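Not measured: the values here are computed from a predicted model. Residues: numbered from 1 along the sequence shown.
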Amino acid sequence: MRFGKTLRESIYPPWKDQYIDYSKLKEMLREDKREDEDVPWTEDDENKFCDEIFNTQLEKVAQFQEKTVNSLQERAETAFEKLRDMAPSSDDKPKGDITAARLKELKAELDAIINEVKELKKYSSANYTGFLKIAKKHDRKRGDRYKVRPMMRVSLSERGFNSEQAYTPLLTKLSLMYYAINQNLDEGEQGQPLDLDLENQQEVHNGERYTAHKFWIHTDNLLEVKTAILRHLPALIYTQQAGKEPDGNEDPKITSLYFDNSKFDLYGRKVDRQVDASSLRLRWYGHLDAKPSIVLEQKIIHENGLSEEKKFNVKDKYIKQLIDGEYKMERTVQKMERQGQTAESIEAFKTTVGEIQDFIIKSKLEPILRANYTRTAFQKPSDDRVRISIDTDIAFIREDTLDRDRPCRDPQEWHRQDIDNGSMAYPFKNINQSEVSRFPFALLEIKLKEEGGRKRPEWIEDLMASHLVHAAPRFSKFVHGVASLFDDYVNQLPLWLGDLETDIRKDPQTVHDAEEQRRAQQAEDAMVVGSFLGGGAAAAAKVGSYSYKPATSSPIGKSYLSERAARDARASLPTNGHSEQDAGPGDEDGTNGTTQQRSYGTLGSVFPGFSLSRYSRAKRQRAQLPKGVTKPEVWLKNAGPLQVEPKVWLANERTFLKWQHICILLGSLAISLYTAAGKNFLAECMGIAYIVIAIMAGGWGYVMLQKRRDMIVERSGKDFDNMIGPLAVSAAMIAALVLNFVFSYRAAFAKLDAELLFNETETSFVGELV
């Protein structure tokens with residue numbers, strides 16, 4: 001279906017004049033003109049088009065959306081004030097004039113707000129897709145000199161088209177009001193707390209309910225996020241059989257092969273968030289030529305927001321037959337019967353296979369997209385309450401046969417053999433680059449097991465609210481891959497595409513302040529609802545709110561970072577005769593703006609463990625281990641059996657042999673000099689000196705051999721090099737050579753003087769005789 005028709009069908013009649021004028025923009029591009037009828041595209045045409053799309057159409061849509069959002073928020077606040085007026089002033093007083101008629105009237109108003117929010121979401125999605133579509137048409141037909149699509153993405157991101165986070169506070173407040181009204185009208189589930197986590201998806205695995213939270217991580221923050229997680233959860237080491245890696249200890253490469261049909265029905269249903277929207281994929285670890293275990297998975301999202309998975313293992317040689325409906329996993333069923341499995345499990349397996357196969361055949365599904373990524377997982381052994389994964393090196397590759405003349409995949413095969421047979425890996429430079437889309441960020445997914453009354457771990461809350469991550473609650477690899485590689489085939493695009501053109505890194509303090517204010521507002525709203533229900537704080541806790549206490553670094557409380565930075569700065573300065581107790585209250589609170597500005601961002605203020613101030617040392621000394629935790633007797637690096645490669649021992653012995661070689665050379669020189677000295681006292685002394693130096697070299701080599709051997713056995717982290725021995729031997733050699741030269745020089749001149757004196761005496765004696 002062409003996008004123009006899709007746009008006309010999605011128009012909400014009361015807002016029909018506020019949509020993008022897609023037809024007008026196409027006319028300006030002269031889209032319907034043939035090449036022989038078209039006239040050259042001039043600079044004036046380019047200016048007119050850009051002025052129309054950016055200054056007229058985009059401004060019209062953005063201003064209307066902003067105006068509508070503000071109007072909805074005002075209506076929600078008005079309804080909330082009405083609910084607040086109905087609440088009793090205290091727990092011991094009766095409720096206000098709460099009648100069923102007034103509650104139903106208020107609920108009808110909330111229904112109208114919710115319906116308009118849904119229409120606004122569709123409005124944003126249609127216009128967002130329209131702007132990107134027309135920008136791509138411009139770049140393809142008129143973009144010889146200027147490309148406007150990157151600028152359009154940035155503009156859409158700046159105008160709030162790319163994110164649903166603006167709707168979250170509004171939806172949270174509406175959900176609280178719905179819960180309170182339903183409780184009084186006896187239409188809700190009594191005693192059932194309301195889930196305020198509207199952005200995140202719930203999943204069911206093996207009968208257990210999980211809440212999935214998804215985030216993007218900038219590459220600059222990836223290491224910091226991993227270290228923050230490793231402080232609480234160990235990295236999950238994949239076995240060689242599961243990961244199919246050479247040593248079994250590296251993070252595995254995962255490949256997901258997604259299915260869809262030529263009309264992209266699964267993609268459309270998933271983007272629209274339709275009831276029972278499904279996705280289907282084949283997933284395996286490592287390279288396909290290593291014969292890994294392949295899993296066929298179907299994921300279904302039900303009306304209540306829960307997702308359900310159906311999956312079974314299949315060998316690669318049966319996949320094509322399974323897709324074509326020629327094979328129904330008879331061999332696996334026979335194997336299960338031979339193993340003596342129960343009839344119920346066999347029948348459940350047959351049912352799962354039949355449902356997935358019928359789904360493939362009826363929907364005419366075929367492999368359409370490949371997602372390849374490296375996964376790092378974090379989880380405590382035998383504890384699945386918190387499961388975290390980080391996917392990096394994410395690449396999406398076309399796997400379709402939509403172009404029958406130049407298919408990306410052989411239609412007779414279920415996968416691309418040029419990739420799998422060649423064991424290609426990221427960044428996939430050996431294939432057509434128009435068939436590859438590389439995701440610029442890492443993907444963090446946190447799955448928390450739902451347990452009644454159990455709060456999330458505090459460190460999880462801090463991580464999710466920190467500046468290190470960018471929330472992407474509705475992100476889907478399947479949706480993103482299709483939108484990136486098949487945008488010509490689909491008429492709806494996900495709103496997060498605009499974020500790819502922006503810098504997702506954030507200022508830490510700004511993010512922290514915004515999160516503190518959000519939590520304070522949420523706690524206040526929950527208290528109002530709790531008062532309306534007649535339970536005060538207890539009722540507020542029942543609807544999902546916890547007692548709120550502003551953090552010391554929030555705008556409401558003191559700034560802990562600035563306070564600590566000021567203390568460290570004062571401790572590092574001379575006391576000038578004043579003790580710490582003499583400091584004024586303003587100094588203790590860190591209210592000196594100059595000191596705070598100068599100290600914030602230093603190593604001691606960011607990493608307290610590296611601070612050398614008395615405050616930090618005292619704090620570390622006062623630190624107590626948690627109950628049940630004992631101080632380890634052995635470093636973690638020293639635990640386990642000693643495993644040293646032979647080349648380490650041989651390198652140590654080779655260094656020792658070098659020293660012995662020097663010792664033998666010096667010793668041979670010294671003995672030769674001493675033997676040839678005869679009655680020359682100087683030569684004897686120098687020979688003895690060289691013997692001493694040779695003994696020093698040999699002794700140093702042996703001492704270092706033993707010392708380095710002990711360091712290897714102890715797994716010491718110290719450096720193995722030592723400059724004292726070589727410098728000492730070199731200095732002794734230089735001193736010996738200099739002294740040898742000096743003494744030889746003096747002896748030679750003394751001998752010359754004696755010869756001259758003898759010649760003079762002989763000459764005078766001969767003269768007297770004559």
Side-chain angles (χ1 to χ4, degrees), residues 165 168-169 172 193-205 208-218 221-236 305-307 375-392 441-475 504-506 508-523 526 541 543-554 560-561 608 626-629:
Q165 297 183 10
T168 302
T172 301
L194 184 63
D195 183 13
L196 301 180
D197 204 357
L198 304 177
E199 290 186 343
N200 304 288
Q201 186 174 341
Q202 294 183 345
E203 301 179 358
V204 177
H205 296 282
E208 301 287 348
R209 291 164 61 109
Y210 292 87
T211 302
H213 308 262
K214 295 181 181 180
F215 302 89
W216 293 353
I217 307 174
H218 195 278
N221 298 330
L222 183 58
L223 180 60
E224 191 170 355
V225 171
K226 286 186 176 181
T227 54
I229 297 173
L230 284 172
R231 291 187 179 97
H232 306 275
L233 293 179
L236 184 61
L306 292 177
S307 66
R375 170 159 292 182
T376 306
F378 305 89
Q379 180 181 341
K380 291 182 180 179
S382 303
D383 186 356
D384 59 351
R385 291 177 297 178
V386 179
R387 300 159 54 194
I388 299 179
S389 64
I390 297 178
D391 296 337
T392 55
F441 309 120
L443 179 62
L444 169 67
E445 185 171 6
I446 302 175
K447 292 185 178 180
L448 302 175
K449 189 175 183 180
E450 291 189 1
E451 296 178 350
R454 184 176 182 271
K455 295 174 60 176
R456 294 174 184 169
E458 185 176 353
W459 68 272
I460 292 285
E461 294 280 0
D462 294 340
L463 177 61
M464 292 194 300
S466 71
H467 68 285
L468 301 174
V469 297
H470 176 78
R474 296 293 179 177
F475 181 80
I504 64 172
R505 291 171 294 185
K506 309 169 187 175
Q509 188 62 35
T510 302
V511 174
H512 178 77
D513 295 348
E515 177 64 16
E516 288 294 320
Q517 293 175 356
R518 185 192 67 83
R519 292 182 180 181
Q521 182 64 43
Q522 181 176 321
V543 297
S545 174
Y546 303 100
S547 57
Y548 173 75
K549 181 180 180 181
T552 51
S553 56
S554 70
Y560 170 69
L561 285 175
K627 186 177 181 180
V629 179

Which label fits W216 and F475: parallel for a plane angle under 30°, tilted from 30 to 60°, or perpendicular past 60°?
perpendicular
Show your working on side-chain contact (heavy atoms from CB on, under 4.5 Å) between R387 and Y210 and close with a plain yes or no.
CA-CA 10 Å; R387 300 159 54 194; Y210 292 87; 3.7 Å; yes
Restricting to non-hydrogen atoms, name the atom on [X] and the atom on [Y] that form the minimum distance, rounded to 0.1 Å.
X: I390; Y: A442; result: CG2-CB, 4.3 Å
X: L463; Y: S466; result: O-OG, 2.8 Å
X: V386; Y: P457; result: CG2-CG, 4.2 Å
X: A228; Y: H232; result: O-CD2, 3.3 Å

Pairing residues for S389 by the side-chain contact (heavy atoms from CB on, under 4.5 Å) criterion, not counting sequence neighbours:
R375, E445
Spatial distance of atom [atom1] ([X]) from atom [atom2] ([Y]) [nearest 0.5 Å]:
X: D384; Y: L448; atom1: CG; atom2: CG; answer: 11.5 Å
X: L444; Y: T392; atom1: CG; atom2: OG1; answer: 12.0 Å
X: I388; Y: L236; atom1: CD1; atom2: CG; answer: 12.0 Å
X: I229; Y: W459; atom1: CD1; atom2: CH2; answer: 6.0 Å

Starting from the C-alpha separation in whole Å, work towards a yes-or-no answer on side-chain contact (heavy atoms from CB on, under 4.5 Å) for F215 and I446.
CA-CA 9 Å; F215 302 89; I446 302 175; 4.2 Å; yes
Give the C-alpha distance, both sets of side-chain angles, the deciding distance and a yes or no for side-chain contact (heavy atoms from CB on, under 4.5 Å) between Q379 and L233.
CA-CA 6 Å; Q379 180 181 341; L233 293 179; 5.7 Å; no
Test applied, side chain to side chain contact (heavy atoms under 4.5 Å, CB included); reference residue, H470; option that passes from K506, H218, K214:
K506
